[in-house]
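To start, the structure under review is shown below, and the notes come after it.
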Amino acid sequence: MDMAKLQEMLGQAQQMQSSMEQRMSETVAEASSGGGLVTARVNGRKELLRLKIEPTALAASGSDIEMLEDLITAAINEAGRKADQLMQSASQDMLGGLDLNNLLG
């Protein structure tokens, strides 16, 4: 195994990790539940950036706090799933540029 190639690959991996961390911070996914009564926005790290609850949400839920909690949970979870999909796509794009054959051959 060529040590120069290995070092080059390690350098590329570090650059990719740094780039991925930057993308995680900048990527934003948003999802709603209850027909838009609750909207959650998260970043690629799945940190909740914003939670919006429409004033009509309490009336629509009949003042049922559990229903409102379920709407909040659903919106946050869906935003997290969308963030995962965005990050998975981004990581596949990044790995496409890494030639793993050089490491093995």
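- Between A83 and A29, the shortest heavy-atom distance links the atoms N-CB, 3.6 Å.
- With rounding to the nearest 0.5 angstrom, the CG atom of L10 is 14.5 Å from the NZ atom of K5.
- Among all heavy-atom pairs drawn from L68 and I53, the shortest one is CD1-CG2, 4.1 Å.
- A side-chain donor-acceptor contact under 3.5 Å links T73 to the backbone of E69.
- Contact annotation: the side chain of V28 never approaches that of V42 to less than 4.5 Å [non-hydrogen atoms, C-beta and beyond].
- Within the 4.5 Å cutoff, side-chain heavy atoms of Q12 are placed close to those of E8.
- Crowding of E26 atom CD: a count of heavy atoms from other residues, nucleotides or ligands under 6.0 Å exceeding 12.
- To the nearest 0.5 Å, atoms CD1 (I72) and CG (N77) are separated by 12.0 Å.
- Residues D84 and K46 come closest through the heavy atom pair OD1-CE, 2.8 Å.
- Judged by distance alone, the side chain of S32 and the main-chain N or O of T39 form no donor-acceptor pair under 3.5 Å.
- Taking NZ of K52 as the reference point, atom CG of L37 lies at 11.0 Å (rounded to 0.5 Å).
- Taken to the nearest 0.5 Å, the CG atom of L86 stands 9.0 Å off from the NZ atom of K82.
- A salt bridge links E78 with R81: the distance from a Lys NZ or Arg NE/NH1/NH2 to an Asp or Glu carboxylate oxygen falls below 4.0 Å.
- Between A40 and A79, the shortest heavy-atom distance links the atoms O-CB, 3.8 Å.
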Applying side chain to side chain contact (heavy atoms under 4.5 Å, CB included), run through T27 and N43 and close with a yes or a no. CA-CA 5 Å; T27 298; N43 64 17; 5.9 Å; no

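- Separation of atoms CG (L51) and CZ (R41) is listed at 11.0 Å; rounding is to 0.5 Å.
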